[in-house]
Number of protein chains: 2
Amino acid sequence: MHGPPWWHGRFRGCGYRLTIPRDAILNVLSKASKHLSAEEIYFAVHKIYPAIGLTTVYRTVDLLAGMGLVHKFDFGDGRSRYELSKGPGSIHHHHLVCRGCGRVIDYTDFIDEEAELFKQTEAALSKKYNFKIKSHRVQFYGLCEKCKPKEENKE
Amino acid sequence: MHGPPWWHGRFRGCGYRLTIPRDAILNVLSKASKHLSAEEIYFAVHKIYPAIGLTTVYRTVDLLAGMGLVHKFDFGDGRSRYELSKGPGSIHHHHLVCRGCGRVIDYTDFIDEEAELFKQTEAALSKKYNFKIKSHRVQFYGLCEKCKPKEENKE
DNA sequence: ATGGGAATGGGAATCATTTTCATTAAGGGT
DNA sequence: ACCCTTAATGAAAATGATTCCCATTCCCAT
Ligand SMILES: [Mn+2]
Ligand SMILES: [Mn+2]
Ligand SMILES: [Zn+2]
Ligand SMILES: [Zn+2]
């Protein structure tokens with residue numbers, strides 16, 4: 001709870017500077033309860049540091065993705081969404097995406113068995129295609145509890 | 001090899017008209033060996049029917065995705081890519097995406113065990129979140145055999 | 001303190017996709 | 001084969017997220 005946030009150390013090693021905008025953006029992301037768009041990050045950060053521009057948000061979020069600190073997602077709503085990937089409170093998980101309302105649900109259940117299979121699959125794919133796998137993404141698409149009934153009414 | 005293509009029947013049932021553009025676009029997709037962007041489809045179709053516009057490609061590909069005939073993907077290169085999902089020659093598969101050059105590799109290996117696990121996972125998720133799962137997407141990100149060496153040289 | 005490269009921010013530019021609207025053409029009924 | 005209704009189309013303009021440009025500011029090792 002005290003001392004500098006856990007990400008402060010990660011910048012020096014890469015030769016990057018830990019600036020106000022970068023720190024502010026990471027703060028916003030670390031407190032976010034959902035998957036934020038660049039603009040949403042911009043608005044949130046803007047309340048505390050009105051000087052920070054949208055361009056910087058894009059640049060920063062891109063840098064962070066390159067460092068592996070955030071994940072960039074496309075859930076099909078026309079804008080990229082970002083989520084902290086490392087650190088306390090962030091666990092590897094997969095997503096359920098509602099085609100009706102766009103809601104995204106994180107799930108970590110059943111990951112145990114998934115993780116085991118993914119390890120095997122990654123190993124086999126790496127060898128067969130001589131491909132170095134860095135990460136993966138799993139998403140299920142469908143209808144959430146709210147949208148399911150609406151769909152049925154259409155018939 | 002003869003007779004109307006397999007997709008002709010799929011339109012009537014939905015109340016959609018089978019038009020020249022739609023047929024042409026499906027022909028292009030059915031012959032494609034890679035994941036085409038809207039513009040690539042447009043160029044291919046344009047050689048045979050120069051009158052067909054890019055707008056129609058977008059509309060059609062959207063319609064086909066809604067009908068479940070094509071899958072829409074985002075591989076991170078800034079444009080959506082489309083692939084026939086049903087019919088002879090199209091098997092359900094997952095993707096390896098190279099972060100270096102953007103190459104996308106289809107793989108169907110190891111799907112057997114994956115398929116089994118996915119069935120279980122889908123069932124469990126459906127129940128727990130009261131979510132109707134229609135489809136899923138799995139992508140592995142990393143470096144292909146060509147890009148792997150380049151990355152190592154940078155250090 | 002100083003110099004130099006890194007980082008920033010505002011505005012313009014890009015570019016994939018969508019919207020608009022006047023025109024065309026499926027295809028069911030005759 | 002011919003009409004009619006209406007879905008479908010295409011050209012051009014609009015949109016909107018992301019990127020580019022560049023003058024200015026900031027960080028930090030010397
Ligand atoms: Mn998530
Ligand atoms: Mn594929
Ligand atoms: Zn929903
Ligand atoms: Zn590659």
Side-chain angles (χ1 to χ4, degrees), chain A residues 4 7-26 28 35-67 69-70 72-82 102, chain B residues 4-5 7-28 35-67 69-70 72-82 102:
Chain A
W7 60 76
H8 280 208
R10 305 286 257 94
F11 279 83
R12 306 299 158 74
C14 306
Y16 298 128
R17 295 175 181 173
L18 179 53
T19 63
I20 305 278
R22 286 171 182 177
D23 200 42
I25 288 167
L26 275 163
V28 165
H35 309 84
L36 300 175
S37 68
E39 198 180 30
E40 286 169 341
I41 295 171
Y42 169 69
F43 286 142
V45 143
H46 192 266
K47 287 174 188 162
I48 306 174
Y49 295 100
I52 296 174
L54 181 56
T55 305
T56 298
V57 173
Y58 274 107
R59 266 190 307 237
T60 301
V61 109
D62 207 49
L63 179 79
L64 297 175
M67 293 170 68
L69 289 183
V70 313
K72 180 180 184 176
F73 290 100
D74 167 52
F75 293 130
D77 68 340
R79 59 191 59 187
S80 296
R81 297 195 165 267
Y82 305 88
Chain B
W7 61 74
H8 280 206
R10 306 287 257 97
F11 280 83
R12 305 299 158 74
C14 305
Y16 298 129
R17 294 176 182 175
L18 179 53
T19 64
I20 305 277
R22 286 170 182 177
D23 201 40
I25 288 166
L26 275 163
N27 262 308
V28 165
H35 310 83
L36 300 174
S37 68
E39 198 180 32
E40 286 169 342
I41 295 170
Y42 169 68
F43 286 141
V45 143
H46 191 267
K47 286 175 189 162
I48 306 174
Y49 295 101
I52 295 174
L54 181 56
T55 305
T56 297
V57 173
Y58 275 107
R59 267 189 306 236
T60 300
V61 110
D62 208 48
L63 179 80
L64 295 175
M67 293 171 68
L69 290 183
V70 312
K72 178 180 184 177
F73 289 101
D74 167 52
F75 293 131
D77 68 339
R79 59 192 59 192
S80 295
R81 298 196 164 265
Y82 305 87

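Keep in mind that what you see is a predicted model, and the values were worked out from it rather than measured. In what follows, chains are A, B, ... by sequence order, proteins preceding strands, each numbered from 1.
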Provide, to the nearest angstrom, the distance between the [atom1] atom belonging to [X] and the [atom2] atom belonging to [N].
| X | N | atom1 | atom2 | value |
| --- | --- | --- | --- | --- |
| A:Ile52 | C:dG10 | CD1 | P | 10 Å |
| A:Asp23 | D:dC26 | CG | C1' | 15 Å |
| B:Asp77 | D:dT18 | CG | C1' | 14 Å |
| A:Phe11 | D:dC26 | CZ | P | 19 Å |
| A:Tyr42 | C:dT8 | OH | P | 15 Å |
| B:Glu40 | C:dC15 | CD | P | 16 Å |
| B:Phe73 | C:dA16 | CZ | C1' | 19 Å |
| A:Leu54 | C:dG11 | CG | P | 12 Å |

Distance test, side-chain N/O of [X] to OP1/OP2 of [N], below 4.0 Å:
| X | N | value |
| --- | --- | --- |
| B:Ser80 | C:dT17 | yes |
| A:Thr55 | D:dT19 | no |
| B:Thr56 | D:dA8 | no |

Please work out if [X] contacts a base, only the sugar-phosphate, or nothing of the nucleic acid, heavy-atom cut-off 4.0 Å.
| X | result |
| --- | --- |
| A:Ser37 | nothing |
| B:Gly15 | nothing |
| A:Leu18 | nothing |

(request) Hey, which sits more toward the 5' end of DNA chain C by its nearest nucleotide, A:Thr60 or B:Tyr16? (result) A:Thr60
(message) Let me spell it out: for each of B:Thr19 and A:Leu63, pick the nucleotide of DNA chain C with the closest heavy atom. Which residue's pick is nearer the 5' end?
(response) A:Leu63
Can you tell which of [options] lies closest to the side chain of [X]?
| X | options | value |
| --- | --- | --- |
| A:Tyr58 | D:dA17, D:dA8, D:dC28 | D:dA17 |
| B:Ala38 | C:dA7, C:dT17, C:dG27 | C:dT17 |
| B:Ala51 | D:dG10, C:dT8, D:dC27 | D:dG10 |
| A:Arg17 | C:dA7, D:dG10, D:dT6 | C:dA7 |

Can you find a donor-acceptor N/O pair under 3.5 angstrom joining the side chain of [X] to the base of [N]?
| X | N | result |
| --- | --- | --- |
| B:Arg79 | C:dA16 | no |
| B:Arg12 | C:dG27 | no |
| A:Arg59 | C:dG9 | yes |

Do [X] and [Y] have side-chain heavy atoms sitting under 4.5 Å apart?
| X | Y | result |
| --- | --- | --- |
| A:Leu36 | A:Tyr42 | no |
| B:Asp23 | B:His8 | yes |
| A:Arg79 | A:Asp77 | yes |
| A:Phe11 | A:Leu26 | yes |

(request) Counting Watson-Crick and G-U wobble pairs only, both distances under 3.5 Å, name the nucleotide matched with D:dA29, or none. (result) C:dT2
(message) To the closest 0.5 Å, what do you measure between CG (B:Asn27) and CD1 (B:Ile20)?
(response) 10.5 Å
(request) Examine distances only and state if a side-chain atom of A:Arg81 and a backbone atom of A:His35 form a donor-acceptor pair shorter than 3.5 Å. (result) yes
